[in-house]
Amino acid sequence: MSGEDSKRRTNFITIPDDTAGYRLDEFCIPLHYEDDLSRVLIPAGLINDRIERLARDIVEDFDEDGLVALCVLKGGYKFFTDLLDKIKGLNRNLGRSVPLAVDFIRLKSYVDREKAWTKDDKSSGQIEVIGGDNLKNLQGKNVLIVEDIIDTGKTMQKLLGILESVKPKCIKVASMLVKRTTRSSGYKPDYTGFEIPDIFIVGYALDYNEYFRDLNHVCEINEEGKKKYASK
Ligand code: IMP
């Protein structure tokens, strides 16, 4: 099956709304964040195992035409590197392989996303591409967008609109996380790692005002953390 005609994968791990998660003292948390988090929601080990399966699904869906993996910076960088490592491992060890190229894109959003999130529906998805290679290079290619999280879905819909204008052969989206939220535009990615409750999370390269990207588990930030790292 080529990337062009593959269907959206609907398998993902659901983290329920009433999950307790894990206590911080059950895991190794950097000392500088110990007081700023309420719980571990998804341990890094589970993320790693889930990505192994996402990589397998992706390799099954694309063929020797290959794909350009497009990393959405900065939040997508951990998922991007871990996913590509797994795909490269499969390429070395299966009887078939999917050639990979990489590209990067950086978006500027016109809303403070955490404020937008708490103030309900202010995540307007107004974005501007502020970095990366010339998007015209994606013309005629199978593009796999690699993103950290889909919240309302507006950012991704906007990005898809921008990319479609350069006429790739196909565009697929892999998102590590999807939020279960009433603010959703209805957008769903082709590959999803976990569906999570409607809470603000950090870690695994997801930030709060640029902090917490150096935390390897996906965790819930607490009020103290929000206060400490609020934008000045
Ligand atoms: P959307 O347009 O509402 O889907 O927002 C997507 C973007 O918002 C993501 O790429 C993240 O940068 C950011 N975002 C949404 N929710 C969170 C969160 O819980 N933690 C950190 N960033 C988030």
Side-chain angles (χ1 to χ4, degrees), residues 1-16 19 41-105 138 140-153 155-157 159-160 163-164 168-181 184-197 201 203-206 216-218:
M1 182 165 47
S2 78
E4 203 168 17
D5 52 24
S6 67
K7 297 270 183 304
R8 180 165 68 83
R9 296 271 184 166
T10 50
N11 54 328
F12 50 77
I13 293 177
T14 302
I15 311 287
T19 185
L41 196 69
I42 315 174
L46 182 56
I47 296 174
N48 184 60
D49 290 335
R50 178 70 189 122
I51 292 176
E52 188 176 16
R53 179 55 200 250
L54 290 175
R56 193 173 102 181
D57 291 347
I58 290 165
V59 167
E60 274 174 19
D61 290 350
F62 287 85
D63 57 22
E64 64 284 348
D65 252 16
L67 62 90
V68 181
L70 180 66
C71 175
V72 183
L73 296 169
K74 298 177 185 175
Y77 94 87
K78 266 295 284 173
F79 179 36
F80 182 81
T81 52
D82 291 348
L83 181 66
L84 264 60
D85 277 353
K86 304 278 188 212
I87 294 176
K88 287 187 291 180
L90 292 171
N91 277 345
R92 288 193 298 272
N93 291 296
L94 289 180
R96 58 188 290 273
S97 62
V98 177
L100 273 180
V102 298
D103 212 334
F104 300 85
I105 192 167
L138 301 175
K141 304 274 173 60
N142 295 319
V143 178
L144 177 71
I145 302 175
V146 182
E147 171 68 304
D148 52 359
I149 185 166
I150 305 289
D151 184 353
T152 64
T155 301
M156 187 51 67
Q157 284 176 316
L159 176 58
L160 284 168
L163 292 179
E164 271 154 16
K169 184 173 171 200
C170 82
I171 311 178
K172 299 285 170 190
V173 177
S175 184
M176 187 66 231
L177 306 167
V178 172
K179 248 183 227 180
R180 208 167 33 250
T181 171
S184 170
S185 64
Y187 173 77
K188 297 268 184 281
D190 300 283
Y191 305 93
T192 301
F194 300 85
E195 190 192 71
I196 63 165
I201 46 93
Y204 197 70
L206 282 106
N216 56 348
H217 310 296
V218 168

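All residue numbers refer to positions in the sequence shown, counting from 1.
- Between M156 and Y187, the shortest heavy-atom distance links the atoms CG-CE2, 3.5 Å.
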Would L177 and L206 count as a side chain to side chain contact (heavy atoms under 4.5 Å, CB included) here? Give the steps.
CA-CA 10 Å; L177 306 167; L206 282 106; 4.0 Å; yes

Check against side chain to side chain contact (heavy atoms under 4.5 Å, CB included), L160 and I145:
CA-CA 9 Å; L160 284 168; I145 302 175; 3.8 Å; yes

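- Under 4.0 Å is where a charged nitrogen must lie from a carboxylate oxygen, and between R56 and E60 at least one such pair does.
- Put simply, OG1 on T181 and CG on D151 are 6.0 Å apart, with the number rounded to the nearest 0.5 Å.
- Residue T81 holds its OG1 atom at 9.0 Å from NZ of K88, rounded to the nearest 0.5 Å.
- Judged by distance alone, with hydrogens and angles left aside, the side-chain atoms of S185 form a donor-acceptor pair with the main-chain N or O of T152 at under 3.5 Å.
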Could you check Y191 against L144 for side chain to side chain contact (heavy atoms under 4.5 Å, CB included), going step by step and ending with a plain yes or no?
CA-CA 10 Å; Y191 305 93; L144 177 71; 4.1 Å; yes

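- No donor-acceptor distance shorter than 3.5 angstrom exists from the side chain of R50 to the backbone of M176, with no hydrogens or angles considered.
- Centroid-to-centroid, the aromatic rings of Y77 and F104 stay 6.0 Å apart or farther.
- Looking at V102 and C71, their side chains never come closer than 4.5 Å, going by heavy atoms from C-beta outward.
- A distance-only check finds a donor-acceptor pair linking the side chain of D190 to the backbone of V173 [under 3.5 Å].
- A 4.5 Å side-chain heavy-atom check between D148 and F79 finds every atom pair outside the cut-off.
- The closest side-chain donor-acceptor pair between K86 and N48 falls under 3.5 angstrom.
- The side-chain heavy atoms of F12 and S175, taken from C-beta on, include no pair separated by under 4.5 Å.
- One finds the CG atom of L67 at 11.0 Å from the NZ atom of K169 (value rounded to the nearest 0.5 Å).
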Stepwise salt bridge (charged side-chain N to carboxylate O under 4.0 Å, His left out) test for D57 and R53:
CA-CA 6 Å; D57 291 347; R53 179 55 200 250; 2.9 Å; yes

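- Pairing each heavy atom of K74 with each of A205, the nearest pair is O-CB, 4.4 Å.
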Could you go through I42 and I196, starting from their C-alpha distance and side-chain angles, then the distance that decides it, and tell me whether this counts as side chain to side chain contact (heavy atoms under 4.5 Å, CB included)?
CA-CA 9 Å; I42 315 174; I196 63 165; 4.0 Å; yes

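- Nearest heavy atoms, L163 versus P168: O-CD, 3.3 Å.
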Going through the distances and angles, do R9 and D61 end up as a salt bridge (charged side-chain N to carboxylate O under 4.0 Å, His left out)?
CA-CA 10 Å; R9 296 271 184 166; D61 290 350; 2.8 Å; yes

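- For the atom pair CG of L54 and CD1 of I47, the computed distance is 11.5 Å after rounding to the nearest 0.5 Å.
- Partners of N93 according to the side chain to side chain donor-acceptor pair (under 3.5 Å) rule, which considers only residues two or more places apart in sequence or in another chain, do not exist here.
- Atoms CD1 and CG, from I15 and L46 in turn, are 6.5 Å apart once rounded to the nearest 0.5 Å.
- Nearest approach of A69 to L84, heavy atoms of both residues: CB-CD1, 3.8 Å.
- Between the CZ atom in F80 and the CG atom in D103 there is a gap of 8.0 Å [rounded to 0.5 Å].
- In this structure, the side chain of T192 does not engage the main chain of F194 through any donor-acceptor pair within 3.5 Å.
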